[in-house]
Amino acid sequence: MSPAPVIIAIDGRSGAGKTTLAIELAARLRDHRTVSLFHLEDIYPGWNGLAAGIDRYAATVLAPLRRGATAHWTSWDWERHYDGEARITRPADVVLVEGVGAAAAEAAPYLDAVIWTDAPDGARKDRALERDGDTYAPYWEQWAEQEEAWLAGDDVPARADVRVLNHADGAAPGRVLQALLHLPALATLLHPERQARHAVPLHAERIDAAPDPARLFDALYGGSQRAVWLDSSLTSDPAGRGRFSILADDGGSHGQSVLHRSGRTSIRAGAAAATVEGGFFRWLDTAWDSRPLSSPDDYGCGFTLGWLGYLGYELKRETGGSDVAADSPDAALIFAGRAVVLDHAEGAVWLLALEDPDAAGWLDMARAAVNTAINEAARSPSDGTPVLKHAGSTKIATPPVFAARDTAAGYQAKIAAAGHQIAEGNSYEVCLTTALTAEVPADGVDPWETYLALRRRNPAPFASFLRLDGVTVASTSPERFLRITAGGAMRAEPIKGTRRRSADPEADRDLRDELSAAPKDRAENIMIVDLLRNDLSHFAVPGSVSVSRLCAVESYATVHQMVSTIDARLRPGASRAEAVAACFPAGSMTGAPKVSTMAILDHLEAAPRGVYSGAVGYFSLDGGTDLAVAIRTLVMHDDGAAGTTLSLGVGGAITADSDPAEEYEEIRTKAFGVLSALGSVFPPG
């Protein structure tokens with residue numbers, strides 16, 4: 001008796017390319033292990049035998065193989081239309097079973113993974129008849145009726161681990177293998193393939209130039225369905241946080257995208273898609289695997305390709321918070337196997353690409369786009385407004401009219417309720433939030449133009465533009481949530497304490513000085529500093545946690561903010577994904593103590609926050625991450641013909657001495673930067 005094999009079923013309707021996919025996948029898997037291949041067409045008892053064939057296959061093939069025994073089964077003689085010769089299938093490290101019904105309910109208990117293959121209806125019939133010729137033609141309709149009857153009661157596609165739309169272009173096997181790498185059940189089996197990814201070389205090319213970032217992003221990714229621009233639009237940030245901007249999409253053979261909702265992660269790799277049950281941070285722990293990458297010595301950015309996107313606030317269900325469903329995905333990321341990085345300090349552009357068949361062509365295209373962006377900048381209008389080919393003709397002609405989730409009186413009543421919780425000893429600080437929303441027609445707002453307006457009005461070191469599967473995030477965040485360098489240095493920079501800016505320089509200085517000296521704001525900030533010191537300590541080297549900056553005031557276009565800096569060093573061997581989870585969500589958006597205060601917030605707010613209060617940034621292949629808190633952030637949901645929903649979250653910290661009227665005025669101040677860029681006003685009442 002041999003060890004039980006890993007059994008992978010490749011199922012799908014006739015003509016979907018199952019056999020070719022199975023043969024090519026088997027060839028790739030044989031590089032590191034033994035593989036046995038079984039075709040269900042050898043066991044169906046005739047053209048009317050789909051159901052009976054599934055029964056035979058499960059009982060005589062899968063059952064013994066699952067035990068590690070040789071399977072003895074009877075083939076079907078398609079010329080005599082009767083039972084054929086006796087055959088055997090020996091166990092191997094991997095057994096691939098392919099054919100219609102390979103993952104049927106009767107087979108499911110024996111399988112480790114299911115791949116569902118699909119193709120357009122017309123293409124399926126053409127492929128099947130081309131392969132089997134006149135033999136199959138008289139029976140196509142009869143067999144198709146059996147397939148439909150079986151699938152009507154056995155929804156295999158819905159429970160498949162991986163689904164692939166097979167275009168018969170040779171890409172399916174590689175994309176399916178990429179998707180299989182995400183399945184926990186195959187983690188041990190596919191360890192060699194995982195390790196092989198670490199050996200993929202990184203191509204890095206420097207161009208000494210300073211193209212307009214918006215023009216370059218539009219040229220490279222204006223037509224991409226999923227793209228990310230981590231835009232350091234405040235390049236003059238004194239702390240150096242605005243030095244680099246990162247531009248990327250999920251194109252190329254390495255490109256992937258991920259959506260997570262309520263305990264289910266969906267991964268797309270080209271035409272293949274995998275579904276993994278379980279927590280997001282558990283998935284991230286396996287997908288974000290640090291690897292040694294050889295980058296140039298003068299490349300100072302912490303991003304060496306990897307995952308980029310956002311983590312929504314509702315991921316708190318995995319870090320001590322309750323389970324609340326959001327309208328938007330709980331996380332949305334892309335994997336960038338190629339990207340453009342702008343070094344604003346040195347006036348340089350870096351082109352990064354993992355080795356693949358298209359790498360050289362992409363580098364040529366990106367190089368040309370950089371040169372074009374430079375040349376176009378010289379011909380730009382006198383006001384410096386970029387002319388962008390993909391931006392669309394729609395401007396913000398009619399300012400969106402926002403409605404508030406809470407009235408002024410209602411929000412102030414919640415402030416009083418938060419104060420009661422503090423008085424009862426259930427919290428020290430409650431970071432209460434609300435939301436402003438607007439519904440606009442399908443042609444009423446252009447997300448790209450909207451973001452350009454935001455970044456002109458309110459530049460920030462952690463600004464970002466994310467276009468991810470119907471959700472667009474336009475953020476002008478000034479706040480770093482968490483940075484972990486490849487070498488393990490950790491840093492959090494919470495913001496607590498806000499004052500509006502004034503056009504009068506003397507009044508503006510007075511507002512800044514007032515914030516710097518305000519006991520309440522300092523108390524808010526220091527409580528969050530203590531919370532983050534604790535969060536970081538869970539995965540830090542003992543004694544390495546320090547506060548290098550306490551209650552410093554930074555000034556932005558529309559507000560003064562009070563900022564502190566907490567540093568630590570990651571414990572060697574510690575999980576970086578778990579270290580992020582230990583700090584999530586940002587303490588500056590919950591209050592302290594975190595877990596009990598999140599429960600208070602669920603009750604008071606009675607609504608999900610979605611992207612707002614989460615994090616935006618990257619998880620680099622070398623193990624580094626840099627994440628901003630998703631504040632000053634406009635989220636745009638594409639509702640198709642119904643139009644677009646705009647959402648802007650705002651909030652503030654409530655302490656024992658909070659004044660409800662002043663706290664309400666603070667959220668108006670925080671909303672001003674985004675609303676004014678849109679030409680909108682804070683809703684009355």
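The residues of the chain are indexed from 1 along the displayed sequence.
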Euclidean distance, [Y] [atom2] relative to [X] [atom1], rounded to 0.5 Å:
X: I600; Y: C431; atom1: CD1; atom2: SG; answer: 11.5 Å
X: D250; Y: F335; atom1: CG; atom2: CZ; answer: 11.0 Å
X: D626; Y: L308; atom1: CG; atom2: CG; answer: 11.5 Å
X: L482; Y: L532; atom1: CG; atom2: CG; answer: 9.0 Å
X: N458; Y: S233; atom1: CG; atom2: OG; answer: 8.0 Å
X: S658; Y: I415; atom1: OG; atom2: CD1; answer: 7.0 Å

Taking C-beta and beyond as the side chain, do [X] and [Y] meet within less than 4.5 Å on heavy atoms?
X: D469; Y: L259; result: yes
X: L675; Y: L436; result: yes
X: V529; Y: L550; result: yes
X: L315; Y: E318; result: yes
X: R632; Y: K670; result: yes
X: Y612; Y: S328; result: no
X: L216; Y: P211; result: yes
X: T633; Y: V635; result: yes

Using a strict cut-off of less than 4.0 Å between a Lys/Arg side-chain nitrogen and an Asp/Glu carboxylate oxygen, indicate whether [X] and [Y] qualify as a salt bridge.
X: D657; Y: K520; value: no
X: E663; Y: K414; value: no
X: R226; Y: D249; value: no
X: K316; Y: D323; value: no
X: R261; Y: D330; value: no
X: R215; Y: D218; value: no
X: E506; Y: R509; value: no
X: D521; Y: K496; value: no
X: D535; Y: K594; value: yes
X: R483; Y: E493; value: no

Step by step, work out the side-chain contact (heavy atoms from CB on, under 4.5 Å) result for T498 and L515. CA-CA 7 Å; T498 305; L515 174 61; 5.9 Å; no
Only one of R501, R241, R499, R480 passes salt bridge (Lys or Arg N to Asp or Glu O under 4.0 Å) with E554; say which it is.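 Single pass found, and it is R241.
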Taking atom types as modelled, find out whether [X] and [Y] have a side-chain donor-acceptor pair closer than 3.5 angstrom.
X: R467; Y: S224; answer: no
X: R512; Y: S555; answer: yes
X: N426; Y: H420; answer: no

Are Y221 and W229 close enough that their ring centres sit under 6.0 Å apart? no
Hey, would you say the W448 and F465 ring centroids sit under 6.0 Å apart? yes
Answer yes or no: is there a donor N or O on one side and an acceptor on the other, between the side chain of S676 and the main chain of F672, under 3.5 Å? yes
Check whether any side-chain N or O of S620 sits under 3.5 Å from a backbone N or O of F303 as a donor-acceptor pair, and report yes or no. no
With W283 as reference, evaluate F619, W288, W307 under the ring pair (Phe, Tyr, Trp, His ring centres under 6.0 Å) test and give the passing residue.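 Exactly one candidate clears the test, W307.
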Flag if over 12 foreign heavy atoms under 6.0 Å of CG, D327: no
Surrounding NE2 of H538 (heavy atoms of other residues, nucleotides or ligands, distance under 6.0 Å), is the total greater than 12? yes
By the side chain to side chain donor-acceptor pair (under 3.5 Å) test, which pairs, at least two apart or in different chains, include something from residues 576-593?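 Non-adjacent pairs meeting side chain to side chain donor-acceptor pair (under 3.5 Å): E479-S588.
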Determine the minimum heavy-atom distance between P494 and I528, stating which atoms define it. CB-CG2, 3.8 Å
